[in-house]
Amino acid sequence: MKTLRFVSFFLASSLAFLPTFSLAASAKGEFHSEDRFAAAGRPVSSFKESYIQNLRSIQEKNHLQFLQEELNSRARHGRSQTVDPKAKPIYLGINENQKASPLGLVASYPDDPTLANQAFTYDQALAGILMLKQGDQQGAKKIFDFYNSQWDGDGFWTVYNTQSIEGAKVENEKIMGPSAWIALFALQYHSKTGDAKGLDLATKIGKWISGLPHRDGGAAMASGGFFSSIFSVENNLSSYAILKILSSKAATKIDRQFFSSELQGVTSWLKTQAYDSAAGLFKRGAYGDPLKSLDTNSWAILVIGPSNLKKDFGIDVDTLVSNIESTFAVQPDGSFGQDALTAKGFDFSDSANAAFIGRPGLSWVEGTNHMVDVYKKLASYFSKGAARDDSKSAYYATRADHFAGQNSNNSISRNGTLSYSYADTAGAKMFLDNGNSRTASGPSVASSAWVYFSNYGFNPLS
């Protein structure tokens, strides 16, 4: 039986058998504004020269003239990218998927026979948020009602069966991350519909997370068993996201104060335990996990935001993005790093992880669209207010356009619907310590949802 994910699981204790090799990036100090945007291994004397180089690389792909005019217009007017007309067909695909489930769930990988009828909880949250964004409150209510009815005070299973609550499933774990995403969905459901049950469920989940084993202010992945001693950065970023909202939106003053205190704890943990200042990246897991993970870094920008990264963590967002690109971006030949504007996407992890597994770098479609959202967030951030810098705004908009343009390579169009594969390679192992997990074949709800979000420049973590 193939267990797919979703826990970028941080199995530090299981790595003792591995041969010793260095996974740490070289130490990186603060960049000056003149060179922070230089492509890896290609230093330039000024940001202006680097920006021109990036534009020239796009010109070689025969669309600079249009793009440069568009970016210049954005820089002058602070205008964000228009919504891709393909957004609605993605929703239609999710909607058709949901109709096949008597429980109102969506099959995470409807075409992969090894994952038939498997509804990953994380994916249900994404689908519910997408439906709310599209205005389909009825579809979102089906997912919300299912999870609200399943709440037993101890988190949600990572996977349910789309056909029956008693149906077979590939995972039997209750961990923080997917449950936190249901809380994010419940908060957005409450905001869109006014249904107090949404805020109530999110509050219950937030309190459950506060009761998980804690260390240095961070929460473990589960209340018991193996994961009660594993501290996932991804999971704690999801916790940060809901605590930030509940600290101001919870129904009672006592709850708001409680969640504010919890938020202070996880903020401290993210600052002291989750960030590797030598590598200039957020870790995959704290306390001995040597592997790197894309999503902990892309989500850190989406969850914390560029101004708070600087203010609360002392992290320069431009430097962080540069480190993300040099570590996780993958070229068409499967190599890592180099010029981001020639890359096909972003891998789950870095070149050392891929080399140990024995595979080239691949494009993780969902994760690549995390980065499209990051680029759009930064293009907007630098287009206005005290942070306004038209050159930086255009620089990040260029990157958003490039990686959004790669989505067509992994799209699946059927009967007026549109979906996206999980990765550009099916059957590939993701992390060297993640058991027999492989990338699924066919459409992926998670990838499709994140392409939808990135089309809108919408941040589901806020």
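Computation of the quantities below employed the complete heavy-atom set of this structure, encompassing side-chain atoms and omitting hydrogens, waters and symmetry-equivalent molecules.
Using modelled atom types and a 3.5 Å distance limit, the side chains of Tyr452 and Gln134 yield a donor-acceptor pair. Side-chain contact of Tyr147 with Thr121: a donor-acceptor pair under 3.5 Å is present, judged by distance alone. Side-chain contact, Glu171 with Thr158: a donor N or O sits under 3.5 Å from an acceptor N or O.
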*Test log, rule side chain to side chain contact (heavy atoms under 4.5 Å, CB included), inputs Phe231 and Gln273*: CA-CA 10 Å; Phe231 288 77; Gln273 304 300 324; over 6 Å; no
*Apply the test side chain to side chain contact (heavy atoms under 4.5 Å, CB included) to residues Arg399 and Glu325: give CA-CA distance (whole Å), side-chain angles for both, the deciding distance (0.1 Å), then the verdict.*
CA-CA 11 Å; Arg399 277 158 155 70; Glu325 291 177 349; 2.7 Å; yes
*Applying side chain to side chain contact (heavy atoms under 4.5 Å, CB included), run through Asn161 and Gln118 and close with a yes or a no.*
CA-CA 5 Å; Asn161 189 289; Gln118 301 301 287; 3.9 Å; yes
*For Trp299 and Val374, what are the C-alpha separation, side-chain angles and deciding distance, and is it a side chain to side chain contact (heavy atoms under 4.5 Å, CB included)?*
CA-CA 8 Å; Trp299 285 11; Val374 165; over 6 Å; no
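The closest side-chain heavy-atom distance from Leu130 to Leu126 is not below 4.5 Å. Residues Met430 and Thr439 meet the side-chain proximity criterion, which asks for heavy atoms closer than 4.5 Å. Between Leu270 and Tyr275 the shortest side-chain heavy-atom distance does not fall below 4.5 Å. Using a 4.5 Å cut-off on side-chain heavy atoms (C-beta onward), Trp364 and His370 make contact. Side-chain contact between Met131 and Gln98: present, with at least one pair of heavy atoms (C-beta onward) separated by less than 4.5 Å. Counting only heavy atoms from C-beta outward, the side chains of Ser411 and Leu418 approach each other to under 4.5 Å. Looking at Arg284 and Asn353, their side chains never come closer than 4.5 Å, going by heavy atoms from C-beta outward. When side chains are defined from C-beta on, Lys174 does not count as touching Phe227, because their heavy atoms never get closer than 4.5 Å.
A donor-acceptor pair under 3.5 Å is absent between the side-chain atoms of Asp295 and the main chain of Phe348, judged by distance alone. When atom types are taken as modelled, the side chain of Asp276 and the backbone of Leu281 share no donor-acceptor pair closer than 3.5 angstrom. Under a 3.5 Å cut-off, the side chain of Ser247 and the backbone N or O of Lys244 do form a donor-acceptor pair. Between the side chain of Ser322 and the backbone N or O of Thr319, no donor-acceptor pair lies under 3.5 Å. Judged by distance alone, with hydrogens and angles left aside, the side-chain atoms of Ser101 form a donor-acceptor pair with the main-chain N or O of Thr162 at under 3.5 Å. Checking side-chain atoms of Gln124 against main-chain N and O of Phe144 turns up no donor-acceptor pair under 3.5 Å. Here the side chain of Lys133 pairs no donor or acceptor atom with the backbone of Phe453 at under 3.5 angstrom. A side-chain donor-acceptor contact under 3.5 Å links Ser447 to the backbone of Ser421. One N or O on the side chain of Ser326 and one on the backbone of Asn323 form a donor-acceptor pair closer than 3.5 Å. In this structure a side-chain-to-backbone donor-acceptor pair under 3.5 Å is missing from Asn97 to Gly93.
To the nearest 0.5 Å, atoms OH (Tyr375) and CD1 (Ile301) are separated by 8.5 Å. Taken from CG in Asn369 to CG in Asp373, the straight-line distance is 8.0 Å, to the nearest 0.5 Å. A distance of 7.5 Å separates OG of Ser349 from CG of Leu432, quoted to the nearest 0.5 Å. Separation of atoms CG (Leu246) and CG (Leu263) is listed at 10.0 Å; rounding is to 0.5 Å. Taking CZ of Phe282 as the reference point, atom CG of Leu309 lies at 5.5 Å (rounded to 0.5 Å). Within the model, atoms OG1 of Thr342 and CD of Gln331 stand 3.5 Å from one another, a figure rounded to the nearest 0.5 Å.
Nearest heavy atoms, Tyr240 versus Val303: CD2-CG1, 3.1 Å. For the pair Ala426 and Ala440, the tightest heavy-atom approach, listed with the atom from each and the gap, is CB-O, 3.8 Å. Listed here is the closest heavy atom pair of Phe328 and Leu294: CE2-N, 3.5 Å. Across Asp123 and Ala446, no two heavy atoms sit closer than the pair OD1-CB, 3.4 Å. Residues Ile90 and Ser448 share a closest heavy-atom pair of CG2-O, 3.3 Å. Between Met176 and Ser239, the closest heavy-atom pair is SD-CB, 3.8 Å.
Taking the six-membered ring where tryptophan is involved, the planes of Tyr396 and Phe382 are essentially parallel, since the angle between them stays under 30° and well short of 60°. Using the six-membered ring where Trp is involved, Phe120 and Tyr109 have ring planes that are perpendicular, over 60° apart on the 30 and 60° scheme. Ring geometry for Phe403 versus Phe346: interplanar angle of 30 to 60°, hence tilted.
Legend: residues meeting salt bridge (charged side-chain N to carboxylate O under 4.0 Å, His left out) with Asp424, ordered by chain and number and at least two apart, are Lys344. Looking at residues two or more places apart in sequence or on another chain, you find a side chain to side chain contact (heavy atoms under 4.5 Å, CB included) between Ser351 and Phe336. Residues satisfying the salt bridge (charged side-chain N to carboxylate O under 4.0 Å, His left out) test with Lys99, not counting sequence neighbours, are Glu96.
In this structure, Arg438 does not pair ionically with Asp112, as no charged nitrogen and carboxylate oxygen lie closer than 4.0 Å.
Open room surrounds CG on Asn415; 12 or fewer heavy atoms of other groups in view lie less than 6.0 Å from it. Heavy atoms of other residues, nucleotides or ligands lying less than 6.0 angstrom from NZ of Lys271 number 12 at most.
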